K.L.:
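Quick one: the structure is below, questions incoming.
Quick caveat, the model's predicted, so the values are computed rather than measured. Naming convention: chains lettered A, B, ... in sequence-line order (proteins, then strands); numbering from 1 in each chain.
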2 protein chains.
Amino acid sequence: MKYIEKLRNSGLRPTKQRLQICEVLFDTEKTFHFTINELNQKIKDKIHNKISLATIYNTVHAFEKKGYLKQISVNSNQTYFDTNITDHHHFYNLKDGKLIDLENSDVGPINIKRKIDGKKIKSIEVLVKLED
Amino acid sequence: MKYIEKLRNSGLRPTKQRLQICEVLFDTEKTFHFTINELNQKIKDKIHNKISLATIYNTVHAFEKKGYLKQISVNSNQTYFDTNITDHHHFYNLKDGKLIDLENSDVGPINIKRKIDGKKIKSIEVLVKLED
DNA sequence: TTTCAGTTTATAATGGTTCTAAATAGCTGT
DNA sequence: ACAGCTATTTAGAACCATTATAAACTGAAA
Ligand SMILES: [Mn+2]
Ligand SMILES: [Mn+2]
Ligand SMILES: [Zn+2]
Ligand SMILES: [Zn+2]
């Protein structure tokens, strides 16, 4: 299979559950944003056996740690993840809680002029909130 | 008192609890960032009667709705608020979960080139995550 | 002072996330 | 193929920030 090597190379055993989650997350034309509950629903729709919610949490966090998913900084009662791991930004539609990708070229270069002693910049995230 | 008019003009009754919370939030040299738990602690330290946690939540949300506080978009298990309601951005220290203000002049103008039909931009927030 | 909507409060409920510990499954060496 | 070992899965409990509830209280206006 397509993802077995990827997982093995990451030190993750290619279990049936992880491979199925890979298919839901990565066998798509476009990248997408999701919450754990949305992913759980997607898995139920596409796959015929059940995967425990705990496994979905575990797997998403494992994939995030390996850099296959990104977490997005939004205030919501749920955590948002992104299968688009390139450097990019987001519109956040307050009406329905949906995220829309904003490419770096749509924002322009961001140059942080201030430095904090002894700290490195790990990421720069721009969130553009949208209302009607 | 200093805050009675402010509250009345906002359509909020100047109750003892709200006035005391105003003192903790706004009687300071500098603005600051806080979670509800941190605010609760601050209130306990500065004031001698107890204010119910529900009242603190209610008041913070009322003040946010009136524009006296801002909510900050960070992923954390707790919601962060800001008494600095000017347009500005943040460093987020991943090590200790603390926020540091980044003035607009420290980031430079952000020009969002893409438009979403029928939507207006409500806010633009830049979050710069810091690691060691 | 009477009245009443607005507010406070203790407490319960909610819900996303994490923890637990037992069962299961993938991997390695034989 | 098998045994042995560790990683992983799982159901369910626990956790905990936040919100809902509904009864008591209070500020403002008549
Ligand atoms: Mn995570
Ligand atoms: Mn709020
Ligand atoms: Zn994205
Ligand atoms: Zn700030």
K.L.:
Mind checking B:T79 for me? I need base, sugar-phosphate or nothing, with any heavy atom below 4.0 Å counting as a touch.
P.N.:
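Touches sugar-phosphate only.
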
K.L.:
Provide, to the nearest angstrom, the distance between the CD1 atom belonging to A:I56 and the P atom belonging to C:dC19.
P.N.:
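The answer, rounded to whole Å, is 18 Å.
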
K.L.:
Quick check on D:dT18: is either OP1 or OP2 less than 4.0 Å from any side-chain nitrogen or oxygen of B:Y57?
P.N.:
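Yes, B:Y57 has a side-chain N/O under 4.0 Å of OP1/OP2 on D:dT18.
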
K.L.:
How many whole angstroms separate atom CG of B:L7 from atom C1' of C:dT8?
P.N.:
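Result: 15 Å.
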
K.L.:
For B:H90, run the side-chain contact (heavy atoms from CB on, under 4.5 Å) check against B:V74, B:L99, B:I100 and tell me which one passes.
P.N.:
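Output: one option passes, namely B:L99.
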
K.L.:
Please report how far the helix from C:dT1-D:dA30 to C:dT30-D:dA1 bends, comparing the axis fitted to its first five pairs with the axis fitted to its last five, to the nearest 10 degrees.
P.N.:
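Roughly 30°, once rounded to the nearest ten degrees.
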
K.L.:
May I ask you to check whether A:T83 and A:Y68 show a side-chain donor-acceptor distance below 3.5 Å?
P.N.:
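No - no donor-acceptor pair under 3.5 Å links their side chains.
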
K.L.:
Could you give the CG-to-P distance, from B:L19 to C:dT7, as a whole number of Å?
P.N.:
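After rounding, the reported distance stands at 12 Å.
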
K.L.:
Looking only at side-chain atoms of A:A54, point me to the closest of C:dC19, D:dA17, C:dC27.
P.N.:
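Nearest to the side-chain atoms of A:A54, counting from C-beta on, is C:dC19.
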
K.L.:
Out of D:dA17, C:dT8, C:dT7, which has the shortest distance to the side chain of B:N37?
P.N.:
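That would be D:dA17.
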
K.L.:
Is B:N58 touching bases, backbone alone, or none of the nucleic acid, heavy atoms closer than 4.0 Å?
P.N.:
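Base contact - B:N58 has a heavy atom under 4.0 Å of at least one base atom.
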
K.L.:
Taking atom types as modelled, is there a side-chain donor on B:N49 or B:Q20 under 3.5 Å from an acceptor on the other?
P.N.:
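Their side chains do contain a donor-acceptor pair, which is all the 3.5 Å distance test asks for.
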
K.L.:
For residues A:I112 and B:F91, report the shortest heavy-atom separation together with the two atoms involved.
P.N.:
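Smallest interatomic distance, heavy atoms only, reads CG2-CZ, 3.9 Å.
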
K.L.:
Side chain of B:N77 only, heavy atoms from C-beta on: which candidate in C:dT17, D:dA17, D:dT9 is closest?
P.N.:
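So the side chain of B:N77 is nearest to D:dA17.
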
K.L.:
What's the closest nucleotide to the A:T59 side chain, out of D:dA20, D:dT9, D:dG27?
P.N.:
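Per side-chain heavy atoms of A:T59, the pick is D:dT9.
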
K.L.:
In this structure, how many angstroms lie between the C1' atom of D:dC25 and the NZ atom of B:K50, rounded?
P.N.:
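It works out to 19 Å between those atoms.
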
K.L.:
Can you establish whether the number of heavy atoms outside A:D96 located under 6.0 Å from its atom CG is more than 12?
P.N.:
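Counting neighbours around CG of A:D96, more than 12 heavy atoms of other residues, nucleotides or ligands fall under 6.0 Å, so yes.
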
K.L.:
Look at A:E125 together with B:K129 and state whether they make a salt bridge at an N to O cut-off of under 4.0 Å.
P.N.:
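Result for this pair is yes, salt bridge flagged.
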
K.L.:
How many whole angstroms separate atom NZ of A:K65 from atom P of D:dT8?
P.N.:
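Nearest whole value for this atom pair: 12 Å.
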
K.L.:
Check the distance between C:dT17's C1' and A:F34's CZ and give it to me in whole angstrom.
P.N.:
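Atom CZ in A:F34 sits about 15 Å away from atom C1' in C:dT17.
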
K.L.:
Measure the distance from CZ on B:F81 to C1' on D:dA17 and round it to the nearest whole Å.
P.N.:
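The distance from CZ of B:F81 to C1' of D:dA17 comes to 11 Å, rounded to the nearest Å.
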
K.L.:
Taking the side chain of A:S52 as its heavy atoms from C-beta onward, which of D:dA11, D:dT9, C:dC27 lies nearest to it?
P.N.:
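Ranking D:dA11, D:dT9, C:dC27 by closest atom to the A:S52 side chain puts D:dA11 first.
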
K.L.:
Report yes if a side-chain nitrogen or oxygen of A:R8 is closer than 4.0 Å to either non-bridging phosphate oxygen (OP1 or OP2) of C:dG26; otherwise report no.
P.N.:
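It does not, given that no N or O in the side chain of A:R8 lies less than 4.0 Å from OP1 or OP2 of C:dG26.
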
K.L.:
So is A:K122 actually on top of B:Y92's ring, under 6.0 Å and inside 45° of the axis?
P.N.:
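No, A:K122 does not sit over the ring of B:Y92.
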
K.L.:
Looking at C:dG26, C:dT17, D:dT18, which one has an atom nearest to any side-chain atom of A:L53?
P.N.:
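Closest nucleotide to the A:L53 side chain: C:dT17.
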
K.L.:
The side chain of A:Q78 is closest to which nucleotide in this list: D:dT8, D:dA17, C:dT17?
P.N.:
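Between D:dT8, D:dA17, C:dT17, the one nearest the side chain of A:Q78 would be C:dT17.
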
K.L.:
When you check the phosphate oxygens OP1 and OP2 of D:dT6, does a side-chain N or O of A:R13 lie under 4.0 Å from one of them?
P.N.:
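Checking D:dT6 against A:R13, no side-chain N or O comes under 4.0 Å of OP1 or OP2.
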
K.L.:
To the side chain of B:H61, which of D:dT19, C:dG26, D:dT10 is closest?
P.N.:
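The answer is D:dT19, which lies nearest to the side chain.
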
K.L.:
Send over the distance from B:I51 CD1 to C:dT9 P, rounded to a whole Å.
P.N.:
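Computing the B:I51:CD1 to C:dT9:P distance gives 7 Å.
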
K.L.:
Closest approach to the side chain of A:Q17, judged atom by atom: which nucleotide of C:dA5, D:dT10, C:dT18 is it?
P.N.:
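From the listed options, D:dT10 comes nearest.
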
K.L.:
Decide yes or no on salt bridge (Lys or Arg N to Asp or Glu O under 4.0 Å) for A:D132 and B:K120, but give the supporting numbers first.
P.N.:
CA-CA 6 Å; A:D132 290 310; B:K120 282 203 307 277; over 6 Å; no

K.L.:
Touch check for A:T15, heavy atoms < 4.0 angstrom, all strands: base, sugar-phosphate only, or nothing?
P.N.:
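It contacts sugar-phosphate atoms only.
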
